[in-house]
Every structure is written in structure tokens, then in C-alpha cells.
Asker: 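Sharing a structure, written as C-alpha cells. Questions coming.
These values consider heavy atoms only, across backbone and side chains, with no hydrogens, waters or symmetry-generated copies. Start at 1 and go down the list; that is how both ligands and their atoms are numbered. Because the structure is a prediction, the values reported are computed rather than measured.
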Amino acid sequence: MGAIISGLGVYYPDNVLTNADLERMVETSDEWILTRTGIRERRILPEDSPLKASDLGARAALNALEKAGLKPEDVGAIIVNAIVPDKQFPAVACIIQEKIGAKNAFAFDITAACSGFVYGVNLASLLIESGQCRHVLVIGAELLSRAVDWTDRNTCILFGDAGGAAVLSAGPADRGVIRSLLRSDGSYADILYLDPLLNSAAGKDGGGSCIRMDGKQVFKVAVTEVTRVVTDALALEGLGPADLDLFVAHQANVRILGAIGEKLGLPEDKVVVNVQRFGNTSSASVPLALQEAEQAGRLKPGMLVGLAAVGGGMAWGCNILRW
Ligand code: UT7
């Protein structure tokens, strides 16, 4: 039995924060942001919005279920990654379960930062292949703006808010996730982190914790390790990067995506890029980019698709799928 992606869903706030807006907030420029990151704008939930990470995730999940032609009751498990959870506990996955009415599911969160979606897809495929579940929701529910230091130009230009979700369902053995490979290295724990959030307004007024990052180091690890893990995963299937028809990696920086694509020898048209409009939305970024690729008709049955991500931990990994 295979685990196929039967539906993809997204939700992002209407509110757009442009580079010009950031120029008024910190010492930066549209030109610097564009050339160093490729980002033009990102979606940010307004400060006075009552929505939480679970709302972004729940809306994306309902969208994914609708695309899959399924009801919330059909879902057997919900796996969520949320860097800024609604509460320390219970899991955001349980809150989403209640919000969407997935009363037959068990639900839990994982902490794999920007790699949460590819980690979740790996776990979901195992639950399906073992026969434990028929349909599993994997959700990136990311409200990063609540943990951004809006006075730190090194980080505040990068991140955006979004929910991204996929339903994985039991399908034919020769389709869906054919190989996942996950890796992590805790010796990098201090190059990208967020200390415990002290209150829900964290980051906004200096009263809470904020995302801290050694950008240069993260950049290097990202390019080296994502290239390696994708190459290794493909090799385990007797395949190489040239066999990939489409590559959808975590959208952190257009230069990182370009460097990985180049190292893998992929032509530009095989590498999906939408970071320019959303910034880095952590674990929501892969489903967001994948859903756009699907809508644009870039995904066809039989294609070999690579999903990859890297982030805090550091934790990274990939899923190779036969679409
Ligand atoms: O999901 C994973 C999360 N994070 C990432 O993927 C981030 C990975 N890293 C990156 O994307 C890049 O390292 C950055 C975009 C964060 C930075 O680009 P860079 O080419 O590595 O720049 P840099 O850190 O070497 O900074 C170059 C200069 C510095 O000035 P000095 O020290 O050379 O005088 C920075 O202070 O640019 C300065 N700088 C800025 N200038 C204008 C840093 N941020 C800004 C800014 N506007 N927003």
C-alpha cells in the first residue's frame, strides 16, 4: 500500500507586509532584501487579530480535506508543526481536531521547525503503510510574526504567517511517498532557535522571546545538507537528481533554493519558488509551494517529485514521491 497526497490546502492572512513597509520599520532597503533573499512581500496576521496558529492550520486543513473529497470524520491522525503554538499544551493538533470536527482522529504535535512538514509526511506515510490509518492530515500552522523581533533587521525581513496542509491517503503501492530520509544534528542548536515564549505578545514589545539566527551558518548547512539528503534518498531507490521532475523545497531564501538546485543539477523550471510572495513560513512553506505548483498544472501523474526542508535543530530531510 502506498501513501499518496490526496489533497493540499493553504490559508494565509490577507494583510501584506512589503519591503517598503519594512524600510519604515528598520534600517533596510527593498534592494538589499530582494538581492539577499528574493523576498518582496509576506503575509502577516494583524496584531489585533484573535486568530491563533490553530486557526491558520484548521483553515488549511479544511481546504485540503475539501480537495481530497473527504470529511473531517474520515481523518485517522493529525500531525501538526507549530513554532508558535496556541498554548504550551495541549497540542495544536488537538485544538485543530476540535475546530474541524475530526472526532475519529488521534492528534499530536511535532517539533521539527521548518522541517515539520517533511517530518510529518514521513510519519504519516508510515501510519498509512502499516495499516493503522487510511487518511492522515499533516499541517504546518505557523504564526511566526508573534515570535519575530521587529527591531532586528537580520530576521524580521524573512518571515511570514501561513497554514499549509496535506491529506495523505492509502493508495496504490507504486504511487505516493516512495522514500523519506530524515536527519538532524543538535550541535547546531544555537544557530537558529526560539527561547520559550513567555506570553502571547512575544516579540512584539520586547516582552517575550524572539527567533534568533546566525544567518550565514544556517545558509551553509541548508545548502550542503539538503543537497546531500536528497541525493542520498534518491540513491536508495536507484535514482539520481536528474530523475526528478519537480523539486519543492522549504522556501527560506531564493539564493538557498538556487544553490541547492544548482548542486543537484536541476534546471530552473524544475525548482518551485514562491518565497518572493510569502517569505519564510516555516513548515507551511512546502505545502504552500506544492499547492501552487499543483494549481499551475505543474504536477502530473507519474512525475517524480522531491520535497525537502531544513531548519532549527538543525533538522532536515526529504520525501520522494511518485505523483
Ligand atoms: O528556515 C531557515 C531559517 N533561516 C534561513 O534560512 C536563513 C538563512 N540565511 C540567509 O538567508 C542569509 O544569511 C540572510 C538573508 C539572513 C543574510 O544574508 P547574507 O548574505 O548572509 O548577509 P550577512 O548576514 O552576511 O549580512 C551582510 C551585511 C551585514 O552588514 P556588515 O556586517 O557586512 O556591515 C548585515 O548587518 O548586511 C547587513 N544586514 C542588512 N542590511 C540591510 C543584515 N540584514 C540586513 C537588512 N538590511 N535587513
Asker: Using heavy atoms and a threshold below 4.0 Å, how should the contact between Thr155 and ligand 1 be classified: side chain, backbone, both, or neither?
Answerer: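 Near ligand 1, Thr155 shows nothing, with every heavy atom at 4.0 Å or more.
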Asker: Please confirm whether Asn154 comes under 4.0 Å of ligand 1, counting heavy atoms of the residue only.
Answerer: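 Yes, Asn154 has a heavy atom closer than 4.0 Å to ligand 1.
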Asker: Going by a strict under-4.0 Å cutoff (protein heavy atoms only), does atom 44 (N) of ligand 1 have a neighbour on the protein?
Answerer: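 It does: a protein heavy atom is found less than 4.0 Å away from atom 44 (N) of ligand 1.
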Asker: Quick one about Arg42 and Asn15 (side-chain donor to acceptor, distance below 3.5 Å, no hydrogens or angles considered), yes or no?
Answerer: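 Checked: Asn15/Arg42 side chains show no N/O donor-acceptor pair below 3.5 Å.
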Asker: Under the 4.0 Å line, does any protein heavy atom show up next to atom 25 (O) of ligand 1?
Answerer: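 Yes, because at least one protein heavy atom sits under 4.0 Å from atom 25 (O) of ligand 1.
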Asker: Does the protein come close to atom 32 (O) of ligand 1 - that is, does one of its heavy atoms sit below 4.0 Å from that atom?
Answerer: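 No, no protein heavy atom sits under 4.0 Å from atom 32 (O) of ligand 1.
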Asker: Does a side-chain N-to-carboxylate-O contact under 4.0 Å join Arg322 and Asp174?
Answerer: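 Looking at Arg322 and Asp174, the cut-off is not met.
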Asker: Is atom 14 (C) of ligand 1 in close reach of the protein, with a heavy atom under 4.0 Å away?
Answerer: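 Not a single protein heavy atom is under 4.0 Å away.
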Asker: Taking heavy atoms and a distance under 4.0 Å, where does Thr37 meet ligand 1: side chain, backbone, both or neither?
Answerer: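 Under 4.0 Å from ligand 1, Thr37 contributes side-chain atoms alone.
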Asker: So, Asp245 and Lys300, do they make that salt bridge, N to O below 4.0 Å?
Answerer: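 No salt bridge links Asp245 with Lys300.
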Asker: Report the part of Glu27 (side chain from C-beta onward, or backbone N, CA, C, O) that has a heavy atom under 4.0 Å from ligand 1; answer both or neither where that applies.
Answerer: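 Under 4.0 Å from ligand 1, Glu27 contributes backbone atoms alone.
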Asker: For Ala252, counting its heavy atoms only, list the atoms of ligand 1 lying under 4.0 Å from any of them.
Answerer: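 The list of qualifying atoms is 6 (O).
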Asker: What atoms of ligand 1 come within less than 4.0 Å of a heavy atom belonging to Cys114?
Answerer: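 Those qualifying, in numeric order: 1 (O).
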Asker: Short list, please: which atoms of ligand 1 are under 4.0 Å from a heavy atom of Gly215?
Answerer: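 Taking each heavy atom of Gly215 in turn, ligand 1 has 8 (C), 9 (N), 13 (O) under 4.0 Å.
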Asker: Salt-bridged, Asp149 to Arg212, with N to O below 4.0 Å?
Answerer: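 Yes.
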Asker: Determine if the distance from atom 7 (C) of ligand 1 to the closest protein heavy atom is below 4.0 Å.
Answerer: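 For atom 7 (C) of ligand 1 the answer is yes, since some protein heavy atom falls inside 4.0 Å.
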Asker: Is the shortest side-chain N to carboxylate O distance from Glu237 to Arg179 below 4.0 Å?
Answerer: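 Salt bridge: yes.
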Asker: Quick one: does atom 11 (O) of ligand 1 have a protein heavy atom under 4.0 Å from it?
Answerer: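 At least one protein heavy atom is under 4.0 Å away.
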